[in-house]
Amino acid sequence: MRSTPQCLVAALAEAIRSIVSAASPSHAAVTPCHDARFGDYQSNVAMALGKKLGKPPREVAQQIISGLKVDDVCSKVDIAGAGFINFHLRTEFVARQLVEMAADSRNGIAPAAQPRRIILDFSSPNTAKSMHVGHIRSTFLGDALARIARAVGHAVITDNHLGDWGTNFGMLIYGYKHRLDRAALARSPIAEFERLYREINAASQSDKSILDAARKELALLHAGDAENLKIWKEITDFSLLEFNKTYQHLGVTFDHTLGESFYNPMLQGVVDELKKLGVAELSEGATCVFFRDDPALKDAAPMIIQKSDGAFLYATTDLATVRYRVNEWKSDEILYVTDARQQLHFKQLFAAATKWMGKEKPELKHIVFGSILGPDKKPIKSRSGDPIKLTELLDEAEARARKIIGEKNPELTKEEQSHAARVIGIGALKYADLCQNRDLDYVFDWNKLLALQGNTAPYLIYAYVRVRSIFRKADSNNISSNRFQLQAPEELSLAKHLIQFSDAVHPILEDYRPHLLTSYLYELAVRFSRFFEACPVLKAEEPIRAERLALCDITARTLKTGLNLLGIETLEKM
RNA sequence: GCGCCCAUAGCUCAAUUGGAUAGAGCAUCUGACUACGGAUCAGAAGGUUGUAAGUUCAAAUCUUGCUGGGCGCACCA
């Protein structure tokens with residue numbers, strides 16, 4: 001289905017060409033009006049063109065309009081203000097678009113013009129530790145972006161780049177050998193690993209022999225010692241088991257889980273190659289990449305890829321990872337969803353990859369996000385000062401949701417309540433995260449998150465529930481989705497928004513901003529609620545009734561599809 | 001010290017990337033058919049976009065200075 005802006009842009013470009021032959025098509029941009037009083041879509045081309053031609057913009061606009069052939073799309077095109085061209089859509093056109101959308105199995109989402117192979121690197125928790133709040137933004141953003149990219153037709157590979165090879169394994173293995181509490185391990189392996197690490201770390205500060213022993217264990221592990229590898233593997237497996245429970249709970253999946261350890265055998269080769277190519281050099285005993293010709297990086301510290309003691313760093317692993325993904329997965333684009341504090345690292349990584357691979361280098365992008373803050377506007381912490389565990393956060397979200405559901409709708413069965421509490425609790429958490437501009441910090445607030453009104457998951461899910469409820473009550477579901485009159489203003493307003501679904505989804509991937517979709521969905525829910533208030537469906541006379549049922553159906557599908565793109569489920573009852 | 005980022009209604013956030021009278025939600029005040037789910041809807045009030053200058057037809061958005069805050073800066077990840 002051809003989107004409304006596409007129709008208008010084509011006609012506009014044609015009209016502009018007849019005035020200025022050299023005008024580039026990019027001039028013919030059409031955007032939705034931010035205020036419905038102006039019209040439905042607008043073009044600002046006349047202002048830019050007027051400047052170029054040395055003519056008053058309104059005159060240029062008039063000239064453009066006189067050559068514009070949009071009678072089938074617009075009922076009116078007028079000029080306003082400094083030279084804005086405003087397009088007013090024909091109701092019949094909106095109706096035709098809606099008919100197409102209703103019949104479309106993709107719910108109107110147009111396929112991407114140029115599908116890419118995109119690797120999404122996100123979540124990436126460290127093994128032997130619990131997942132905590134610090135992982136939620138990466139996990140939610142990454143998962144949502146993967147879903148959206150797939151929906152528009154890109155080939156997406158998701159990869160959970162686990163931190164499974166850190167220097168902490170020296171302490172852990174030493175602890176495992178000397179201080180392991182078997183019963184505690186059986187009860188809660190991660191908690192036991194965390195305890196071991198803390199205990200050994202503390203002990204090693206006062207007892208240097210323990211520190212040395214831990215270092216030896218690490219060296220043994222890296223040298224491939226069988227016993228240490230076995231312990232390392234056990235720790236990794238326990239961790240994965242825990243992580244997978246959480247991911248399942250969240251509805252997040254990965255195509256691959258290749259942790260840092262996977263790349264370990266490749267690291268020396270990478271360093272040698274970079275040295276040979278002259279990309280890396282020795283400095284103060286360490287192998288480094290300098291960026292002397294890069295104004296943004298030349299004054300910063302170099303990127304170290306091998307320490308003076310021979311050990312590798314995460315910069316090395318990340319370089320090896322880029323090459324692996326290019327060679328094995330033929331990726332066009334790799335997206336790293338990590339927090340803003342790692343910006344320097346990724347700038348260096350990307351610059352080093354460019355030096356290394358030249359034109360073979362895929363598009364590399366750092367999808368930055370800010371911190372989650374507590375009520376004190378400091379990064380959120382539990383009372384003890386530790387990061388809040390993800391499982392605890394999820395449990396609390398569900399418990400809070402369940403309490404609200406119990407109060408609002410006691411008629412649900414226990415099973416329905418549990419299910420609804422999970423969908424709403426997790427959904428609210430995800431939505432609160434995704435609805436904010438990702439690169440800013442945001443303040444975490446349970447009350448705002450689970451609020452039943454405003455731009456929240458519960459409000460959207462509630463809108464969905466209300467639509468679905470109509471279909472349960474209707475004894476005949478005579479839906480007519482091949483003809484729309486759209487007589488009531490609330491119907492037309494809803495319809496106009498529905499046909500913009502595809503236009504809301506596509507720009508998300510230009511700058512990886514899922515909050516564009518939440519804004520769209522919230523506005524959809526608001527328009528639906530107005531329609532629902534003003535336009536009786538089941539009590540309406542035919543053929544209005546059938547038409548309104550169709551509007552309800554398309555709304556429900558769009559809400560569901562949109563929420564699913566964000567990784568959020570819907571409910572039939574709540 | 002160097003670098004990156006941020007500052008918008010009392011609070012939490014938007015603003016289609018330079019477009020029109022800067023929009024929502026919360027909180028506050030007012031109103032609505034005994035409601036196809038009222039977990040709703042309508043309305044009011046709330047702003048010199050931190051500050052000073054500059055760029056142009058047009059600036060919350062771009063440039064510079066200042067103020068206040070966050071983060072990062074050789075052998076952690």
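Since the structure is predicted, the reported quantities are computational estimates derived from the model, not experimental observations. Chain identifiers are assigned alphabetically (A, B, ...) following the order of the sequence lines, protein sequences preceding nucleic acid strands; residue numbering begins at 1 within each chain.
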Rounded to whole Å, CZ of A/Arg438 lies from P of B/rC13 at a distance of 17 Å
With sugar-phosphate meaning primed atoms plus P, OP1 and OP2, does A/Arg513 contact a base, only sugar-phosphate, or nothing at under 4.0 Å between heavy atoms? base
Contacts satisfying side-chain hydrogen bond (donor to acceptor under 3.5 Å, both in side chains) that involve residues 287-305 of chain A (not counting sequence neighbours) are A/Glu281-A/Arg292
### Message
Any base atoms under 4.0 Å from A/Ala340, or only sugar-phosphate, or nothing? Heavy atoms, all strands.
### Response
nothing
Applying the 3.5 Å cut-off to both distances, the Watson-Crick or G-U partner of B/rC73 turns out to be B/rG1
Using a heavy-atom cut-off of 4.0 Å across all strands, would you classify A/Gln42 as base, sugar-phosphate, or nothing? base
Atom CE of A/Met47 and atom P of B/rU56 are separated, to the nearest Å, by 17 Å
Here the residues of residues 121-131 of chain A within 4.0 Å heavy-atom distance, strictly under, of RNA chain B are none
Which part of the nucleic acid, if any, lies within contact of A/His345, taking any heavy atom under 4.0 Å across all strands shown: a base, the sugar-phosphate backbone alone, or nothing?
nothing
task = Just call it for A/Asp309: base, sugar-phosphate, or nothing, with non-hydrogen atoms closer than 4.0 Å on any strand.
result = nothing
Re B/rA27: Watson-Crick or G-U wobble partner, both distances kept under 3.5 Å, found to be none
**OP:** Quick one: label A/Tyr41 by what it contacts on the DNA or RNA (base, sugar-phosphate, nothing), any heavy atom closer than 4.0 Å.
**Re:** nothing
Requested in this report: Tell me what A/Met303 touches on the nucleic acid: a base, only sugar-phosphate, or nothing, going by heavy atoms under 4.0 Å.
Outcome: nothing
Any A/Tyr462 side-chain nitrogen or oxygen under 4.0 Å from OP1 or OP2 of B/rG38: yes
- C1' atom, B/rG69 versus B/rC29: distance in rounded Å? 35 Å
Taking it one step at a time, do A/Asn437 and A/Arg513 satisfy side-chain contact (heavy atoms from CB on, under 4.5 Å)?
-> CA-CA 7 Å; A/Asn437 196 339; A/Arg513 300 195 177 277; 2.6 Å; yes
>> Should A/Tyr442 be counted as stacked on B/rC13, where stacking needs a ring-centre gap under 5.5 Å and an angle between planes under 30 degrees?
In response: no
Next on the checklist: Over all strands shown, is A/Leu313 touching base, sugar-phosphate only, or nothing at heavy-atom distances under 4.0 angstrom?
Outcome noted: sugar-phosphate
- Message: Need one value for A/Asn44: base, sugar-phosphate or nothing, where a base atom within 4.0 Å counts as base even if backbone is also close, heavy atoms only.
- Response: base
When rounded to the nearest Å, what value does the distance between C1' atoms of B/rU16 and B/rA60 take? 15 Å
Worksheet entry | Intermediate values then yes/no, side-chain contact (heavy atoms from CB on, under 4.5 Å), A/Gln348 and A/Leu297 | CA-CA 7 Å; A/Gln348 292 184 324; A/Leu297 295 173; 4.1 Å; yes
For a quick check of understanding: with a heavy-atom distance under 4.0 Å over all strands, which category does A/Val537 fall into, base, sugar-phosphate or nothing? base
So A/Ser529, base contact, sugar-phosphate only, or nothing? Heavy-atom distance under 4.0 Å.
sugar-phosphate
